[in-house]
Amino acid sequence: MSYKVKKLQDDEKGTHYGIFTDELLIHYVFSRGRALEIVEKLQKGAVLVEVISIDIRREEQRKFKKLLDAEQQKSSVLDIKLIEANKKISKLTSIASVNEQSISVPTKLTSLGGKELLFMSRHKMNQIEASELVALISEVKAKGFEYSKELSNYIIKNQLKNKYRNISGVVKMEKSGEQWDFSGGFPKKIYSIVCSELGLSDQGTTAKAVGFKSFKDMGELF
């Protein structure tokens, strides 16, 4: 069976090249070079669906990335609007008065930055958790950690259990029916944020977190 490549008429899809057999169009791509590669493999006996499977995966990945980029852009815009709204609320609160008396805003609240407010509103954290999380991210961001285990080791090695006692603690792990305690870990919500903010991975472990107890709840000071 013979195959050949023809340039198809330009349309809304752009310039593309068709792969024909006996004048029957069986596939098209947007690169002449790729079309010739496919023809070469087909002439050697390869099956079309196997040859173009990598193209299908790449196209799906491209679509997914485009969708993800669009969602991240929307999220960034909402983050900015939220921060601006919180600033306006804080400003209005500080100048409002009731019965000729100024409403006093707690010092701790007005001293919070945009990141703390974002964590509190988006992830339903309390003020202490948000402040500890921002401080932890700021402290280790320049360390260049790649894995979450490195962060946990850093907390234990540098005796930071009390400093981050509300967001870190002991995680109960489970794998293949076996359970053990992992010190310096985080609850699932905090773990997800930490990994996202610091670009950490879990080294591909299949172990799952099935429980968590913060250092604060353990009732100890370190």
Side-chain angles (χ1 to χ4, degrees), residues 53-54 57-58 60-76 78-79 82-83 86 108-109 111-222:
S53 60
I54 187 173
R57 287 196 300 270
R58 287 173 179 170
E60 290 302 314
Q61 290 172 350
R62 185 192 67 78
K63 290 180 180 179
F64 179 77
K65 186 178 185 304
K66 185 176 180 181
L67 179 62
L68 181 61
D69 290 342
E71 292 301 319
Q72 288 177 336
Q73 186 175 7
K74 291 179 183 178
S75 178
S76 296
L78 290 175
D79 288 347
L82 178 61
I83 292 172
N86 283 323
K108 289 185 178 180
L109 180 61
S111 65
L112 289 177
K115 202 72 172 181
E116 286 95 336
L117 292 172
L118 179 61
F119 286 154
M120 291 170 66
S121 60
R122 174 177 286 185
H123 301 289
K124 310 301 181 185
M125 293 183 190
N126 60 43
Q127 179 183 330
I128 295 176
E129 291 173 335
S131 296
E132 284 188 13
L133 182 54
V134 170
L136 175 62
I137 292 171
S138 177
E139 180 173 342
V140 304
K141 201 167 186 86
K143 302 293 182 183
F145 294 151
E146 295 183 35
Y147 305 111
S148 56
K149 185 176 181 179
E150 293 178 281
L151 176 58
S152 297
N153 290 339
Y154 176 83
I155 291 175
I156 301 303
K157 181 179 179 181
N158 293 277
Q159 300 181 346
L160 302 177
K161 295 180 180 180
N162 191 49
K163 185 176 182 180
Y164 302 116
R165 63 200 307 258
N166 291 277
I167 63 171
S168 64
V170 176
V171 180
K172 185 172 289 297
M173 305 296 294
E174 182 177 62
K175 181 180 179 180
S176 303
E178 180 182 356
Q179 293 187 352
W180 68 93
D181 290 337
F182 179 76
S183 187
F186 308 90
K188 293 180 180 180
K189 176 178 69 176
I190 300 295
Y191 179 80
S192 176
I193 299 170
V194 167
C195 288
S196 176
E197 291 285 332
L198 298 176
L200 305 177
S201 71
D202 59 6
Q203 294 181 285
T205 179
T206 58
K208 295 182 179 181
V210 295
F212 172 80
K213 192 169 186 178
S214 70
F215 290 129
K216 176 187 175 182
D217 291 339
M218 292 170 67
E220 297 182 50
L221 292 178
F222 304 87

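As the structure is a computational prediction, the values presented were derived from the model and not from experiment.
- Judged by distance alone, the side chains of Glu129 and Tyr164 never bring a donor and an acceptor atom under 3.5 Å apart.
- Between the side chains of Ser214 and Asp217, at least one donor-acceptor pair of N or O atoms lies under 3.5 Å.
- Under a 3.5 Å cut-off, the side chain of Glu150 and the backbone N or O of Tyr147 do form a donor-acceptor pair.
- When all heavy atoms are compared, the tightest approach of Phe215 to Ser183 is CZ-OG, 3.8 Å.
- Under a cut-off of 6.0 angstrom, the local environment of CD in Gln203 is crowded, with over 12 non-hydrogen atoms contributed by other residues, nucleotides or ligands.
- Atom CD of Gln73 sits in a sparse spot, with 12 or fewer heavy atoms from other residues, nucleotides or ligands closer than 6.0 Å.
- Counting only N and O atoms by type, the side chains of Ser75 and Arg122 include a donor and acceptor under 3.5 Å apart.
- Here the closest heavy-atom approach between residue Met173 and residue Phe182 is recorded as CG-CB, 3.9 Å.
- In this structure, Ser76 contributes its side chain and Gln72 its backbone to a donor-acceptor pair below 3.5 Å.
- A donor-acceptor pair under 3.5 Å is absent between the side-chain atoms of Ser196 and the main chain of Ser192, judged by distance alone.
- Here the CD-OG distance, from Glu146 to Ser201, works out to 7.5 Å after rounding to the nearest 0.5 Å.
- Going from atom CZ of Phe186 over to atom SG of Cys195 covers 8.5 Å, rounded to the nearest 0.5 Å.
- Side chain of Lys189 to main chain of His123: a donor-acceptor pair is present (N/O by atom type, distance under 3.5 Å, no hydrogens or angles).
- Salt bridge annotation for Glu60-Arg57: absent, with no cationic side-chain nitrogen under 4.0 angstrom from a carboxylate oxygen.
- Side chain to side chain, Glu132 and Asn166 meet the donor-acceptor criterion of an N or O pair below 3.5 Å.
- Other residues, nucleotides and ligands contribute at most 12 non-hydrogen atoms within 6.0 Å of the NZ atom of Lys208.
- The backbone N or O of Leu160 lies less than 3.5 Å from no partner atom in the side chain of Asn158, so there is not a single donor-acceptor pair.
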